[in-house]
Participant: 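Got a structure here, written out as C-alpha cells. Questions coming.
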Amino acid sequence: MDYLKQNIQQVKSKIKAAAERSGRNWEDIHLIAVTKNFSAEVVQAAVDNGIVLLGENRVQEAKSKIDLVKGDVKWHLIGHLQRNKVKTAIELFSMIQSLDSFRLAEEIQKRAEQAERVIDVLVQVNIGREKTKYGIDPDDTESFVKEVAQLPNLKIRGLMTIAPFKEDPEDVRLYFRQLYNIFESLKEKSIRNVSMEYLSMGMSHDFEVAIEEGANMVRIGTGIFGARE
Ligand SMILES: *Cc1c(COP(=O)(O)O)cnc(C)c1O
C-alpha cells in the first residue's frame, strides 16, 4: 500500500505549506484520517505510516475497526450521534466532534456521569445554515456553549464544522473565516469549563483554505485513502 505513504506525505506537505502561509507551525495542525468505508487493514497501513488520529462517522462501523487496529491511536467521532448510541460512543471514542443538540449533550452527561468520566466534545456549527446538515446555528453558538458548559461531565474543547460544498474552495473561505471569528470570540470570553483549543474544519478538497483561515484540525478521507465506493 505504497500509495498511502505517498498520499500521507503529500497531505502533510500541503498542511505544512498552508500553515506557513498563515504564519503558524505545521506541528500545531492536527491531521485526522477519516476512515469511513475503509477496512481495518487499510486503516492499519495508514497508522503504520504515521497516522495517530482517526475519524469515523458511525458508531457501529467504528466498533468493528477499533479492536482490529493496533497502535497508539485515538479515534474521534465526526458523524451525527443518535442518543441510543451514546453509551457505546463514549467507550470507543476519545472525542465527540459532532455535538449538535442540547438533548444529545444531556444524554452524554447522563452516560458520562454513570461511567464517572468527563467526555471531550467539539460543538458542531452549521456555518452555512444548510437544511441538509446538522449543527448549531452560528448565531446560537455562544448561548449553546454556555448551556453545555453547565454540564459537569462534558468538556468543550473547541468547534467543528462541515462547510458547504463548493467546486472552488475559495468560495468557502468566508465560511471558515466566520467560524474562526466565533472561535476567537468564545476564546476571549474564557467561559468556565470551556477550553477553546481545537478548530476542526477542512476536508480533502478545502483543507488548505481552512488552515489559512485558522483551522488547527483537519479531517481528510479521500486525500489519504482515495475515493470511497
Ligand atoms: C467524510 C468526512 C470527512 C472527510 O471527507 P473527504 O472529503 O473524503 O476528505 C470529513 N469530515 C466529515 C464529518 C466527514 O463525514
Side-chain angles (χ1 to χ4, degrees), residues 3-4 6-15 18 29-40 42-43 45-47 49 51-63 65-66 73-82 85 89 92-101 104 120-136 138 157-173 175-176 179 183 198-229:
Y3 71 96
L4 276 180
Q6 278 176 9
N7 288 351
I8 291 167
Q9 274 170 0
Q10 202 165 57
V11 165
K12 282 187 176 169
S13 70
K14 285 179 181 171
I15 289 175
I29 317 274
H30 303 272
L31 168 60
I32 301 202
V34 176
T35 57
K36 64 175 177 240
N37 295 20
F38 288 95
S39 69
V42 176
V43 177
V47 171
N49 280 290
I51 292 293
V52 292
L53 289 173
L54 299 161
E56 265 288 341
N57 290 63
R58 294 204 188 89
V59 174
Q60 238 23 62
E61 190 180 335
K63 201 172 156 74
K65 275 176 225 179
I66 289 178
V73 295
K74 288 192 167 126
W75 293 81
H76 288 194
L77 181 66
I78 60 172
H80 177 64
L81 176 57
Q82 289 169 315
K85 302 233 167 68
L92 297 175
F93 295 99
S94 69
M95 189 183 279
I96 295 171
Q97 294 208 4
S98 43
L99 180 63
D100 57 12
S101 76
L104 175 60
D120 285 337
V121 298
L122 303 183
V123 172
Q124 182 172 351
V125 180
N126 185 358
I127 199 68
R129 296 191 169 88
E130 294 172 283
K131 294 259 185 307
T132 53
K133 289 205 171 100
Y134 290 103
I136 306 301
R157 305 284 301 266
L159 304 178
M160 181 272 233
T161 200
I162 306 168
F165 180 82
K166 306 280 181 190
E167 210 58 57
D168 181 355
E170 277 305 319
D171 294 338
V172 292
R173 186 179 288 280
Y175 292 111
F176 290 141
L179 192 64
F183 176 78
Y198 299 112
L199 183 56
S200 173
M201 57 184 194
M203 303 170 27
S204 294
H205 79 289
D206 59 12
F207 71 95
E208 292 163 277
V209 175
I211 291 170
E212 286 167 14
E213 295 300 329
N216 60 14
M217 191 174 264
V218 292
R219 310 177 308 268
I220 316 282
T222 316
I224 290 174
F225 296 107
R228 285 180 292 273
E229 296 281 298

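Whatever order the structure lists them in is the order used to number ligands and atoms, beginning at 1. Side chains included, hydrogens not; waters and symmetry mates left out as well; all remaining heavy atoms used.
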Participant: Looking at S200, is its backbone amide N or carbonyl O close enough to the side chain of R219 to form a donor-acceptor pair, meaning the two atoms are under 3.5 Å apart?
Facilitator: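 Answer holds: yes.
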Participant: Is there a donor-acceptor pair closer than 3.5 Å between any side-chain N or O of K36 and the backbone N or O of G221?
Facilitator: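 No.
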Participant: Which word best sums up how the rings of Y134 and H80 line up, parallel for under 30°, tilted for 30 to 60°, or perpendicular for over 60°?
Facilitator: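 Y134 and H80: parallel rings.
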Participant: Check each protein residue for a heavy atom under 4.0 Å from ligand 1 and list those that pass, ordered by chain and number.
Facilitator: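 Protein residues near ligand 1 are V34, K36, N57, I78, I162, M203, S204, R219, I220, G221, T222, R228.
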Participant: Check R157 against L122 and note the closest heavy-atom contact, atom names and distance.
Facilitator: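 That would be C-CD2, 3.6 Å.
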Participant: Can you name the ring pair (Phe, Tyr, Trp, His ring centres under 6.0 Å) partners of Y3, sequence neighbours left out?
Facilitator: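 Y3 satisfies ring pair (Phe, Tyr, Trp, His ring centres under 6.0 Å) with no residue once adjacent residues are dropped.
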Participant: Side chain of T161, backbone of V125: donor and acceptor closer than 3.5 Å?
Facilitator: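 Such a contact is found between T161 side chain and V125 backbone.
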